[in-house]
Structure formats: C-alpha cells, structure tokens
Peer 1: 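Just passing along the structure, written as structure tokens.
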Amino acid sequence: MGVLGRLVMLMMPITPRFVVGWVAKRYVAGPDLDSAVRVMHSMNSQGACFTLDVLGEEITTLEEADFFVSEYHRALDAIIAEGVDANISLKPTAFGLLIDEKIAIENIEKITRVASENDIFVRLDMEDNRVTQSTIDIVTEMHNRGLSNIGTVLQSRLFRTTEDISLLSSKLGGNSDVRICKGIYLESENIAQTKYHDIVLATNKAIEELLDAGAYTAIASHDIPVIEHSLVALGNRGMGPNIDDPRANAGPVRAGKGPGYEFQFLLGVRGNIRRNLAKEGHRTRVYIPYGSRWYEYSMRRLRENPDVAWHVAKSIIMPWTNRR
Ligand code: FAD
C-alpha cells in the first residue's frame with residue numbers, strides 16, 4: 001500500500017459520512033432495490049449482465065436474517081419483472097451461518113428454490129476462513145436436494161483452493177460453478193499466499209484447474225496479468241466468445257451463462273477493461289451491491305483490506321488507471 005493508501009486509512013475514523021458517501025457512490029448502486037434496478041438498466045447498453053448483492057453480512061441475531069430472506073425475494077421478483085439479465089449473490093453469514101447452520105441452510109434453500117423455479121442462478125459469496133468449509137458444504141447439500149442452480153466462490157490466495165476445486169468437481173461434475181477471485185480477506189501466511197506475485201500465480205493456476213475440471217468458471221479479477229492469462233488459457237482450450245463449450249467434461253448449457261466461462265467485475269472498477277471484453281464478445285457480469293448499509297460496508301471493506309483504500313485513492317487521483 002502506498003503512502004496515499006495509508007493516509008486514507010488514517011483519515012477513515014474522522015472522515016465525515018457524506019465524504020464516504022460521495023466515494024461509495026461509485027461502488028454501491030444506492031440505498032435500495034430501485035437504485036440497483038436503475039443502475040442495471042443504465043448499463044444494459046454496455047453488454048453487461050449482473051449479479052445483485054444486498055449489502056450486509058454476519059448478523060448477531062437470527063431475526064436479522066429475515067430481512068435478507070425477504071429482500072432477496074424482492075430482488076428475485078424485480079429481476080423477473082424488469083426482465084434484466086441478472087442473478088443473485090449472497091453472504092451465508094447474513095443468513096445466520098455463524099449462529100445456527102441449520103437455519104441458515106433453510107433460509108438459503110428458500111431463496112434458491114424460488115430462483116430455481118425461475119432459472120436464476122444463486123452464488124454464495126465466500127467470506128473469511130471461518131466459513132470456507134461450511135459455505136462449500138451448503139452448495140453440495142443444495143445440489144443433493146436437487147438444486148443445481150447454486151455455486152460458490154473460491155479464493156485463490158488460500159492454499160486449500162486446489163483441493164477444493166477437485167473435490168467440488170468430483171462431487172458436482174459439470175454442474176460445478178465457481179467464481180474464482182484472489183480473496184479480499186487478508187488471511188494468515190499459515191493458510192494463504194500473502195505476496196502479490198504469488199497470489200497472481202495461484203489465481204492463474206486455479207483458473208486453469210477449474211477450466212480443466214469442466215467447471216463453469218467465473219473469472220473475477222480486474223488485474224490485467226490475470227485477465228490476459230485467462231484469455232490465453234481459454235484460447236488454449238478452444239474456448240471463447242460465440243464458441244460452444246468444447247470441454248467433454250462440461251455441464252449442460254444453462255440460461256444466463258456464457259460458453260463455460262464469464263468475466264466478472266465489481267461495480268465502478270475498471271469499466272474500460274470490462275467494456276473491451278464485452279465488445280470482443282465475452283460474457284461480462286457486474287457485481288451490483290445495494291442497500292441501506294452502504295456506510296458499514298464501505299468502512300468494513302477498507303478496514304479488512306487496506307489495499308482497497310489505495311485502489312480507491314488511486315481511482316480519484318489517477319482516474320486514467322481505473323475508469324468507471
Ligand atoms: P488487484 O491487483 O487487487 O486489483 C487490480 C486493479 O483493479 C487495481 O490496481 C485497481 O485499479 C482495481 N481495483 C481492484 N479492486 C478494487 C476496489 N475494491 N476498488 C477500486 N479499485 C479496485 N473476494 C472474496 O473474498 N469473496 C468474494 O465472494 C468475492 N467476490 C467478488 C466478486 C467479484 C465480481 C469481484 C470482481 C471480486 C470479488 N472479490 C471477492 C474480491 C476479490 O477477491 C479481490 O479482492 C478484488 O477483486 C481485488 O483483486 P483483483 O484480482 O481485482 O486484483
């Protein structure tokens with residue numbers, strides 16, 4: 001992290017809420033579902049599809065989970081009513097995973113069932129290492145219960161990821177659908193890579209492992225070396241825009257998905273790279289967070305990973321490095 005990033009971190013506790021709001025406007029669609037729908041419609045012309053995320057995580061009472069269950073039902077209704085090309089991403093701890101796993105599973109199943117009836121995919125975001133295994137277990141449990149419209153995220157910085165890729169693929173076959181990202185949580189060096197170069201290598205390796213395992217591979221990185229490596233890896237396997245997935249071990253073609261892979265970006269981050277990929281015909285998905293808890297979300301992300309502070313500062317001071 002540069003000097004500016006450190007400065008942003010130091011200023012955080014005394015930064016007025018309206019300033020945080022001004023910065024967050026770029027990365028958060030707005031306080032409610034209507035604002036998320038507006039953002040999705042406004043980006044339609046950029047060839048993007050979307051995943052909706054209701055802001056909030058790790059609840060302290062199970063009653064709080066009811067809010068997320070009903071808000072995600074509203075989000076599904078809006079996706080259907082507005083005819084937008086979107087799915088949903090949710091954080092298992094917002095459904096009670098760290099309080100009562102059984103209830104969290106019931107909550108997630110309710111939403112996944114409604115989504116399944118409407119051909120909509122559900123992605124369980126991956127949180128910190130306390131819930132890696134249980135998040136993966138929920139996905140396999142949902143598949144056991146006949147719901148194949150669900151997948152999760154694996155974080156390439158974790159040493160365990162190679163094994164998780166092969167276990168998920170052996171259990172779910174071509175129905176395995178994984179978003180692969182570096183991982184935002186700064187995990188300890190006992191369980192994770194901690195240096196930029198090693199994390200990039202691990203990410204590139206994990207992408208190839210997913211492609212070879214037949215998994216639907218959602219590449220979620222704004223990092224140019226990772227994107228360039230992905231394009232080569234896809235080309236080496238005969239995969240690409242407007243080509244039917246050639247992999248013998250791939251799953252069936254599904255509504256709302258690309259030919260075995262897609263690229264994913266966070267709202268407000270490196271839109272120029274995303275738009276170029278879309279122009280070349282790649283399926284590109286934008287992660288759209290919305291909700292009244294935007295302030296807590298922004299502060300928490302900054303505290304969890306100070307690099308984010310540096311990225312944000314850089315986007316303001318050197319806008320050419322990161323176009324919206
Ligand atoms: P970096 O090297 O960190 O970033 C490359 C460049 O992208 C930076 O130089 C900067 O210009 C820009 N950039 C990256 N991140 C930001 C930012 N936050 N704000 C402003 N500019 C930025 N992590 C999880 O742990 N669990 C998840 O479920 C998860 N889901 C994700 C979903 C999507 C669609 C994406 C894109 C990321 C997700 N992440 C998740 C975050 C991911 O793990 C990384 O922390 C994040 O994407 C930064 O890594 P990078 O590969 O983009 O590379």
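Everything quoted here is computed from the prediction, not taken from an experiment. Counting starts at 1 for both ligands and their atoms, in listed order.
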Peer 1: So D198 and K195, side chain to side chain contact (heavy atoms under 4.5 Å, CB included) or not? Walk me through it.
Peer 2: CA-CA 5 Å; D198 295 334; K195 298 204 168 52; 3.8 Å; yes
Peer 1: Relative to F67, does R293 satisfy both conditions: NZ or CZ under 6.0 angstrom from the six-membered ring centre, and within 45 degrees of the ring's axis?
Peer 2: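 Geometry flag: set, cation within 6.0 Å and 45°.
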Peer 1: Within a distance under 4.0 Å of any heavy atom of Q264, pick out the atoms of ligand 1 and give their elements.
Peer 2: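 Reading through ligand 1 atom by atom, the close ones are 34 (C), 36 (C).
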Peer 1: A quick test of your reading: do over 12 heavy atoms of other residues, nucleotides or ligands sit less than 6.0 Å from CG of D244?
Peer 2: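 No, not enclosed.
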Peer 1: Out of all atoms in ligand 1, which are within 4.0 Å of some heavy atom of V153? Include the element for each.
Peer 2: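 Those qualifying, in numeric order: 27 (C), 28 (O).
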Peer 1: Can you find a non-hydrogen atom of V269 under 4.0 Å from ligand 1?
Peer 2: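 Within the 4.0 Å threshold, so yes.
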Peer 1: Would you kindly specify which portion of R285 sits under 4.0 Å from ligand 1, judged on non-hydrogen atoms: side chain, backbone, both or neither?
Peer 2: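 Neither part.
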Peer 1: Under 4.0 Å, counting heavy atoms only: does K91 come that close to any atom of ligand 1?
Peer 2: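 No.
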Peer 1: Counting from 1, what ligand 1 atoms have a heavy atom of I184 closer than 4.0 Å?
Peer 2: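 The list of qualifying atoms is 23 (N), 24 (C), 25 (O), 43 (O), 45 (O).
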Peer 1: Between the side chains of T51 and N87, does any donor sit under 3.5 Å from an acceptor?
Peer 2: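 Yes - a donor-acceptor pair under 3.5 Å links their side chains.
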Peer 1: Need the ligand 1 atom indices (1-based, order shown) with element for anything under 4.0 Å from a heavy-atom of Y185.
Peer 2: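 Every atom of ligand 1 under 4.0 Å from some heavy atom of Y185: 25 (O).
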Peer 1: By number and element, which atoms of ligand 1 are closer than 4.0 Å to a non-hydrogen atom of C181?
Peer 2: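 The atoms of ligand 1 under 4.0 Å from a heavy atom of C181 are 23 (N), 24 (C), 29 (C), 39 (N), 40 (C), 42 (C), 43 (O).
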Peer 1: Determine whether the side chain, the backbone, both or neither of E127 has a heavy atom under 4.0 Å from any heavy atom of ligand 1.
Peer 2: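 Near ligand 1, E127 shows nothing, with every heavy atom at 4.0 Å or more.
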Peer 1: According to a hydrophobic-cluster definition based on side-chain heavy atoms being under 4.5 Å apart (Ile, Leu, Val, Met, Phe, Trp, Tyr only), do V114 and L124 belong together?
Peer 2: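 They do share one cluster, since a chain of ILVMFWY contacts under 4.5 Å joins V114 to L124.
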Peer 1: Using heavy-atom distances, let me know which of R157, R26, K182, E187 sits nearest atom 1 (P) of ligand 1.
Peer 2: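 Looking at heavy atoms only, the winner is K182.
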Peer 1: Checking S221 against K182: is there a side-chain donor and acceptor pair closer than 3.5 Å?
Peer 2: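 The criterion, which ignores hydrogens and geometry beyond distance, is not satisfied for S221 and K182.
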Peer 1: Taking 4.0 angstrom as the limit and counting only heavy atoms of Q155, give me the atoms of ligand 1 inside it, by number and element.
Peer 2: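 Those of ligand 1 that fall under 4.0 Å from Q155 are 24 (C), 25 (O), 26 (N).
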Peer 1: What atoms of ligand 1 come within less than 4.0 Å of a heavy atom belonging to D125?
Peer 2: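 Atoms satisfying the 4.0 Å criterion: 28 (O).
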Peer 1: Are L154 and F265 linked, directly or through intermediate hydrophobic residues, by side-chain heavy-atom contacts shorter than 4.5 Å (ILVMFWY only)?
Peer 2: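 Yes; tracing contacts between hydrophobic side chains, which count when under 4.5 Å, links both residues.
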